[in-house]
Number of protein chains: 2
Amino acid sequence: MAGTKRLTQHDIAKLAGVSQATVSLVLNGAPTALARIPQETRERVQHVIRSTGYVADPIARRMAKGLNRILGVFTYEPAFPSEQADFFTPFLLGIEEEAQAQNYDLLLLTGAGVGRERKIFADGNRLRIADGCLVLGREFDRAELKRLVSGDYPFVAIGRREDAGGPVPYVGGDYTNGTRALVEKARALGHEKLAYVGPSGSAESVVDRWRGFAEAITEGVELVLHVDEVGRPAGETLDAIVASGATAVFFVELADAVRVEAAARARGLSVPEDFSAIVLGSHVRAERSHMQFTAFDIPREEMGRQATAMLVRRIESAAPIEQILLTCEPVEGQTLANKRT
Amino acid sequence: MAGTKRLTQHDIAKLAGVSQATVSLVLNGAPTALARIPQETRERVQHVIRSTGYVADPIARRMAKGLNRILGVFTYEPAFPSEQADFFTPFLLGIEEEAQAQNYDLLLLTGAGVGRERKIFADGNRLRIADGCLVLGREFDRAELKRLVSGDYPFVAIGRREDAGGPVPYVGGDYTNGTRALVEKARALGHEKLAYVGPSGSAESVVDRWRGFAEAITEGVELVLHVDEVGRPAGETLDAIVASGATAVFFVELADAVRVEAAARARGLSVPEDFSAIVLGSHVRAERSHMQFTAFDIPREEMGRQATAMLVRRIESAAPIEQILLTCEPVEGQTLANKRT
DNA sequence: CTTGACTGCTAATGCGTATTAGCAGCTAAT
DNA sequence: ATTAGCTGCTAATACGCATTAGCAGTCAAG
């Protein structure tokens, strides 16, 4: 098969009895040029094309023209993790949908960085095969982001990104306001002593949640405990919560919330009777829980869709850099209740 | 930076005072050719390359070499269905893994057939963008498969396929032996009256299961009920089972098994005390069940991996057509027990 | 019958790289 | 003195497509 030559416009031309140039024009000539090719010839060429299944080589096309209707998708982690309920699938669903609607194909840049460390700029820019690319992943490489920003290759990040030596085009979730809304809800239910389980620094998504939380801490509300880490033993965390007297606990990670709730139940405490639990995210796969936690919804599919649309805009019309945050609607759940009186 | 034109080997050549060809050779010439370029010249060129940050344009590179290192993935249904636990994800995981290992990128042919009907050879078929492609989906279009087989484009099907006017290269699951093993297990446990819930015709996957089942029906064992359909009301199916006197029921679809077991429980019957239940597949998303059904494992990831490896073989070395069936190991589960005495 | 406009095409070129054939200049052997 | 062989490169070309300039023919107007 390696020896089999793929069809070229030349072959088509010969079959249709015209020149290579004519084939190219029939395929995608400007209207003015097309007007000069009679219907009959066009149909003859089209027929040969259809019956042979010929498709222009995107590489050559790109070479000559620059565009090939392919969107690259780069993920800093494998796109399909072993854990079933994975992180990327919803994004990909949205991306696929929009790409299909816009008639683009998707190139998953899986080859980049064969080892443990994935790098966009690893082996010659395979990236450039696509007209532009979407970048996703929890942890971006800052240096790479900077290079992307300073280059002239169209890209859009999924998730808010900053500090890249220039504005980063992105579509993200508004975790700040999502978090703030939940804190205010807790406050309205009488909670005055709050706990926060999760980090406050580093990645933007983490910073945003913390900022939303911090901004909502005003008169009458107090942060009585901050466990600045994810994945701590549930027992310890629970001890700290009880000792702090917190009545509402905010978890950055669903997995933590699930474990702490289970630990609490094991000790005869119950959520939300003894303390409320609010979840702000779920990156890590959590054990299944019978509890429906109060949280906010991250519109992942919509993020994928909008990021794709934005990328197409940037490719096709050199649109200016946009930064979009999508609203994260609260999810009622069963774990936020009135403060126990 | 955005305004700067991309550097070419020509620019590098001028700066280093050599020809473009020399630059190319320095970058990636064969050892024999390299041997003829003195250290001193090589270093001069390398230095210019490093100080300018030049990177070869991958497009032009592929153009010259002929191959893309891109594998196409065509699915007859959208690759990322809304249902979370989807059918394709495990395959894609394996495919991605192997593609990465082989340093290929993946092109998801999402553009093909925007409407409800996906077609490989739909107008504007972009399949040939990739060096070869994987085809998956539950229902293949026979005509398209024939066309693929008779063409010279490298492809590999996931799942056994026949009747395409020639041998189809595939990696599938050995449902026949998987099923047979389960029937024999049931027989060893004393079951003599068996029921089969699911179709016996059409798609290969269905045929294989039925064949495995039929082959295991020998002396001492009897098929007392065949519900030749999937998705029948659980109550009806249960009635039929009870009336038939079957002690072990084989379900082609997990979803059916789940519903029938629930219906049985509602009537005070229990599995596997009153009858055993064996599951042979799960295409349709099933309700969650607390039961761990006896079944066989379909090594989807491995299928994806091996299919990818096979495709690469066909692309790179025109390997002959292979047909691989992977063993489906039995899954113990809790629903197959001794026949009630 | 000349000019001009229009029709229906094609030849030629460029995109950036990889690769091959081969050219000078030299040395060593015949 | 010729040949053979080596060194250190370069010119030329192919890859498949898009695009532009322009050629040959027709037809109508002047």
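Numbered from 1 within each chain, the chains take letters A, B, ... in sequence-line order.
- At the heavy-atom level, Arg61(A) lies under 4.0 Å from the strands shown only through sugar-phosphate atoms.
- Counting any heavy atom pair closer than 4.0 Å across all strands shown, Thr22(B) reaches a base atom.
- Counting any heavy atom pair closer than 4.0 Å across all strands shown, Ala21(B) reaches a base atom.
- For the pair Leu34(B) CG and dT7(D) C1', the computed distance is 14 Å after rounding to whole Å.
- Side-chain polar atoms of Glu98(A) and Gln102(A) form a donor-acceptor pair below 3.5 angstrom.
- If you take CD1 of Ile37(A) and C1' of dT19(D), they are 12 Å apart, rounded to a whole angstrom.
- Of all nucleotides in DNA chain C having an atom under 4.0 Å from a heavy atom of chain A, the first and last in 5' to 3' order are dT7(C) to dG16(C).
- Residue Gln9(A) contributes atom CD, which lies 11 Å from atom P of dG16(D) at whole-angstrom precision.
- Comment: Arg142(B) does not engage Glu144(B) in a salt bridge, judged by the lack of any side-chain N to carboxylate O separation of less than 4.0 angstrom.
- Residue Pro38(A) is the one, among Pro38(A) and Asn28(B), whose nearest nucleotide of DNA chain C lies closer to the 5' end (criterion: closest heavy atom).
- As a whole-Å value, the separation of Gln20(A) CD from dG16(D) C1' is 8 Å.
- Evaluation of the side-chain contact (heavy atoms from CB on, under 4.5 Å) rule for Leu326(A) yields Val171(A), Pro299(A), Glu302(A), Met303(A), Gln306(A), Ile324(A) as partners, not counting sequence neighbours.
- Remark: C1' of dC17(D) and CD1 of Ile12(A) are 13 Å apart, rounded to the nearest angstrom.
- At a threshold of 4.0 Å, the pair Arg50(B)-Glu43(B) does not count as salt-bridged, since none of the basic side-chain nitrogens sits closer than that to a carboxylate oxygen.
- Both Asp57(A) and Gly17(B) lie close to DNA chain D; mapped to their nearest nucleotides by heavy-atom distance, the more 5′-ward contact belongs to Gly17(B).
- Mapping Met63(B) and Gly29(B) onto DNA chain C by nearest heavy atom places Met63(B) at the nucleotide closer to the 5' end.
- Aromatic ring centres of Phe155(A) and Tyr153(A): separated by at least 6.0 Å.
- Met63(A) and Ala60(B) make their closest contact through SD-CA, 3.7 Å (heavy atoms, listed as atom of the first residue, atom of the second, distance).
- The separation between Glu40(B) atom CD and dG8(D) atom P is 10 Å, rounded to whole Å.
- Rounded to a whole Å, the CG atom of Asp11(A) is 11 Å from the P atom of dC15(D).
- At the heavy-atom level, Val23(B) lies nowhere under 4.0 Å from the strands shown.
- Between Phe88(A) and Phe91(A), the angle of the ring planes lies from 30° to 60°, which puts this pair in the tilted group.
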